[in-house]
Each structure stands twice: as C-alpha cells, then as structure tokens.
Amino acid sequence: MNVAEYASFDAVGLAQLVAEGEVTPAELEGAAREAVRRVNPRINAVVETWPAQDEPAPGSAPLAGVPFLIKDIGVSMAGRRSELGSRLAAGHVAHADSFLMTRFRRAGLVTIGRTAAPELAYSTTTEPVLYGATRNPWDLERSAGGSSGGAGAAVAAGVVPLAHATDAAGSLRIPAACTGLFGLKPTRGRVSAGPDFDEVFNGLAVQGGISRTVRDSAVLLDQIRGPEPGDPYWAQEPSRPYAEEVTRDPGSLRIGVLAQAWGGLRTAAPVAEALSRTVRQLASLGHQVEEVQVDLGVGWDEFVLAGAHQWTANLAASIDELAAATGRPVDSSTLEPPVLASYHYGREVGGTQFVAALALRNRVARSLGRYFTGHDVLLTPTLPELPVPLGTHAEGAEELDGLGWIRRIFEMSPFTTVFNVAGTPAMSVPLAADAETGLPIGMQFAAGYGREDTLFRLAGQLEQAHPWSDRVPPLWAGNPTGH
C-alpha cells in the first residue's frame, strides 16, 4: 500500500482492510513511517518513532493493525520516553503501561511514536523549548493549537488517521479546530486516568482522540471507556456502543447558540459568519435553534481566578514531584517562563483558596446543568478567532504571573474551558473554513453530563450532510512530496 492510498482511509477503513487480508499491519506501519518522513520535517508533530511492539491478529479487535501515535503526556507506555514536553522531564522513561495504554493495545492499535505537547500541557499552543514549535499543515506559520497540537497536526497531515489526545481546557478540541479535524472531549469519569492518578487537575482533564472521521472517534471511545478498579467515580455506561450512535437519527434537537463568549470577549468576523452558516445548516436538518444566554453561576473574573488557583496548585505539586524524581532544579534552566511563574504562584495558593476553587467548580456545573434541562445541545465557536500565528501566546509572557498566564489562556479559548469545569462532553466539528485564507474553523457542540450519545448522533448527521474528510491541507502525506 502506498502512502496516498494509506492516507485516504480512516482508521476503521484500514482495520477492515487488515481483517479482509487486503493489507498487513506491517504494510500499514511502513506507510505511516513514510508519511512521517514526508511531512514531519516541516510540521514537527512527531517527536519520536519506534518499532512497533504489538502484532494484533487481523480482525482480532476493532482497530487491529492501525498505526497510532500517543501524546507525550497523559499516557504511559512501558519502556518508552514520556518527557511531558519539558526539559525538567527530559529522558524520562515509563516503567509500566497505564490503564489507557493497555486499552489502546486491546483495541488493536499499533503505537509507533509520540506526538508533541507544550511544556506540561500548560498552553493552548504547542511550542515547547524542548523540541520546538509544531506547525499547522494548513499554514506553516500558524499554531496547530494545544496542548494536543502534535496529535492534531499529525492527523491533519495524514500521518495517522487517529491519535491520542487529552483535554483539560480545550486541549483536544482546540487542535481539532485549528487543523480541520473532529475531536470529542468525553464526560468526566468516562475514561480512567489510572493507575497513577485518580483524576487529573481535579477532574478537569480527560482522555480521548483526534480523528478525521466521526466514526473513528466513536470506535476509539468505545474501546477506552469504562472504569478500572479504584477509580473514584465513573460515568454511567451508554446503552449501546457509540459506534452505533453515529448512524442513528438524532431527531429534532433543541440547540441553543452562544455567539459571544463569557466575559464579554468578542468573536472575530470570519468565525461569527461561520457560526451563522452552521445555524442555517442545523435548521435545514430540522433542529430547533435559538440564540441563548448561558449563566455560568459566577462572574468571569471569579472564574479565571479560581482556575488559576486550581491549575497552578496542581502544577506546582507535579513539578515538585518531577524535580524530586529527576534531581533537576526548578528554575529557568528546566522550565519556560510561563510555567515557572505559574509554579511560584501555585506554591502560594492556600488551602482555603483551593477549596473555594473546587466550590466554584460545583457552581458552574450546577448552572450548566440547569441549562441542559431545557436544551439538548449548546453550540458555540470552538475558538473566537482563526488559528493564530506562531509566537502569539509568548508575546510578553515573561512579564506574566500565574494568574496572568491563565487569564491569557482562558481568554484565547473562552468557549472551551467551561465544559472541563462542568465535566460535560463537548466536541469540535470542522464545519467551516475561512473564505480568504482557507483556514479551518471548528464549531463546538456541548451536551449534558454523560450525553456523548447525543453528540455522536448529531456529528454523524452533520458529517453526512456536510462532509469534510476529503478536505486536506496543503501539506499532506498523500502527496508524493508532502506538498
């Protein structure tokens, strides 16, 4: 199988070819490695590759034989480096598989490498000092998003059809929006974070994947969902596989539309126009669509302050643990300015401030929960503007303290973080592109706690009515030179 053929299939399609004996896992692995060779020197999405360890029998699992990439944070693969995008953790090797890695193997995925992440996943762009900036295959001067920017760039460029991603403030949905992909953040408690963690960032962070097709994400979530022994809580299991939901009629959904973000932050004209087109598309499909105002239950400044307390305190504890394990100092030789400033800020967060931040999390979850008693879905832009030029996040960052950095991150992606705080599922769907630049624009759909089924039905309907998987960026592995 040549790379052009390989890149034209999604993960489910490749697995079907393997099951039918049309291609072998080794041939797919070879095509994936050639895809890396063609495009990665220009996008810097894959930071390491290795020989495949797994040899799943054809047809033995839903994704048997499909090449796969894991993120450089959030999952552990025995014997492989996990450097968290940071000089502080450079060279760190995982000693055992995490529960998630075990499930990736059981799904039949053949993991061949790891993708770039910003330092400690603490940004919404992927530009770490450790291994340099990841570039967007739609425009090499622009960000691929973060913190799963390496995953987004690799899938968008055709290296793999599906890649591991995490999401604590939009880290899965933002790269999906920046690179023209589908990405669904699951409900809190849907996928285990164990055994090393009971929850990450007090439940803000969840595990998932980024894909070109809806069905790939649905099949992946079917394979990794469900509790493990010792998990502190878990979401109720769905009544049927998510893969079946993709082809089911969603019915006429009650969809509220939030055009402008919380805190008075404005949406750029190209994104607002794309949102209006999406509203018309939804109405043509028979959905009940209306503009709404959604009360967070707290003011924006209070939301940002609580976020800073919760994020930086967790970050500081993680950094202290890493420093103890590596014997390295916590200073500018090991940490980038925003992360180091956030570490110092987090060390000063008091216990009462931290508890107050958790109480605010509850208020936001209750307020959004009330919204979803009257609506099935909330539609927003995923991002308020087009993918930003590389370096935008870093402008003046050395002058920011931990609160200032969190404010910058939240205000650059004001629509996404709320659903991490509430723990509800949300997805970015690549429904539009900017007429002038051709850059992709993602639309975010959120549903009530545990209602990934609703989102997958809607996403499947939208994908059928307005297909996107044939739209590929200028830098694409399926082209002979990558261009």
Side-chain angles (χ1 to χ4, degrees), residues 11 15 25 28-29 32 45-57 60-86 89 91-117 120-121 147-148 150-152 154-155 159-168 171-172 183-186 189-201 205-211 216-217 219-232 234 318 321-322 325:
L28 294 185
E29 181 186 349
V46 182
V47 298
E48 183 185 11
T49 61
W50 50 69
Q53 295 179 351
D54 300 288
E55 298 179 0
S60 60
L63 297 172
V66 175
F68 191 64
L69 295 166
I70 56 175
K71 187 177 176 180
D72 190 32
I73 192 170
V75 63
S76 297
M77 184 177 184
R80 296 299 175 190
R81 281 188 290 176
S82 179
E83 298 176 304
L84 319 182
S86 178
H92 170 72
V93 175
H95 298 297
D97 282 358
S98 60
F99 289 152
L100 180 62
M101 190 66 226
T102 298
R103 293 191 178 202
F104 286 153
R105 294 185 195 270
R106 288 176 183 168
L109 292 164
V110 178
T111 302
I112 63 168
R114 58 191 171 108
T115 59
L120 301 175
S147 63
S148 304
V155 174
V159 173
V160 288
L162 173 71
H164 166 238
T166 66
D167 194 314
S171 292
L172 184 160
L184 184 142
K185 178 197 85 67
R190 179 69 68 204
V191 181
S192 177
D196 292 335
F197 302 97
D198 58 353
E199 55 182 14
V200 180
F201 278 65
V206 296
Q207 305 274 2
I210 293 179
S211 61
D216 276 3
S217 282
V219 169
L220 180 69
L221 188 54
D222 279 332
Q223 298 306 303
I224 65 175
R225 61 177 165 83
E228 292 280 0
D231 283 353
W234 57 86
S318 296
E321 184 177 358
L322 273 173

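Each residue takes its place number in the sequence, starting with 1.
Between Leu69 and Ile112 the shortest side-chain heavy-atom distance falls below 4.5 Å. Using a 4.5 Å heavy-atom cutoff, the side chains of Leu100 and Ser192 are not in contact. A heavy-atom distance below 4.5 Å is found between the side chains of Leu221 and Val191. Under the 4.5 Å side-chain criterion, counting only non-hydrogen atoms from C-beta, Arg114 is in contact with Arg81. Proximity of Leu162 to Leu220: side-chain heavy atoms (C-beta onward) are separated by under 4.5 Å at one or more points. Side-chain contact between Pro62 and Gln223 is present, with at least one heavy-atom pair separated by less than 4.5 Å. With contacts defined as side-chain heavy-atom distances shorter than 4.5 Å, the pair Asp97/Ser76 does not qualify. Contact check for Val66 versus Pro161: side-chain heavy atoms found under the 4.5 Å cut-off.
When every heavy atom of Ala45 is checked against every heavy atom of Gly150, the shortest pair comes out as CB-O, 3.4 Å. For the residue pair Pro56 and Val110, the shortest heavy atom distance occurs at CD-CG2, 3.9 Å. Heavy atoms only, all atoms of each residue included: Val160 and Pro67 are closest at CG1-O, 3.7 Å. Of all heavy-atom pairs spanning Asp72 and Glu83, the tightest one is OD1-N, 2.9 Å. Across all non-hydrogen atoms, the minimal contact from Gly226 to Arg103 is O-NH1, 3.1 Å. Listed here is the closest heavy atom pair of Gly74 and Thr166: CA-CG2, 4.3 Å.
In terms of modelled atom types and a separation under 3.5 Å, the side chain of Ser82 and the main chain of Ile73 share no donor-acceptor contact. A donor-acceptor pair is defined here as one N or O able to donate and one able to accept, closer than 3.5 Å; such a pair exists between the side chain of Ser171 and the backbone of Ser147. Side chain of Asp167 to main chain of Lys185: no donor-acceptor pair is present (N/O by atom type, distance under 3.5 Å, no hydrogens or angles).
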Practice prompt. Take Lys71 and Thr115 through the test side-chain hydrogen bond (donor to acceptor under 3.5 Å, both in side chains) and record every step on the way to the result.
Written response: CA-CA 5 Å; Lys71 187 177 176 180; Thr115 59; over 6 Å; no
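Note that CG of Asp198 and CD of Glu228 are 14.0 Å apart. Values are rounded to the nearest 0.5 Å. Note: Thr111 OG1 to Trp50 CH2 = 7.0 Å, rounded to the nearest 0.5 Å.
Here Phe104 and His164 bring their ring centres to under 6.0 angstrom of each other.
For the pair Arg80 and Glu48, the salt-bridge criterion is not met [side-chain N within less than 4.0 Å of a carboxylate O].
Judged as a side-chain hydrogen bond (donor to acceptor under 3.5 Å, both in side chains), and not counting sequence neighbours, the contacts of Asp54 are Arg105.
Applying the 6.0 Å contact sphere to CD of Gln53 captures more than 12 heavy atoms from other residues, nucleotides or ligands.
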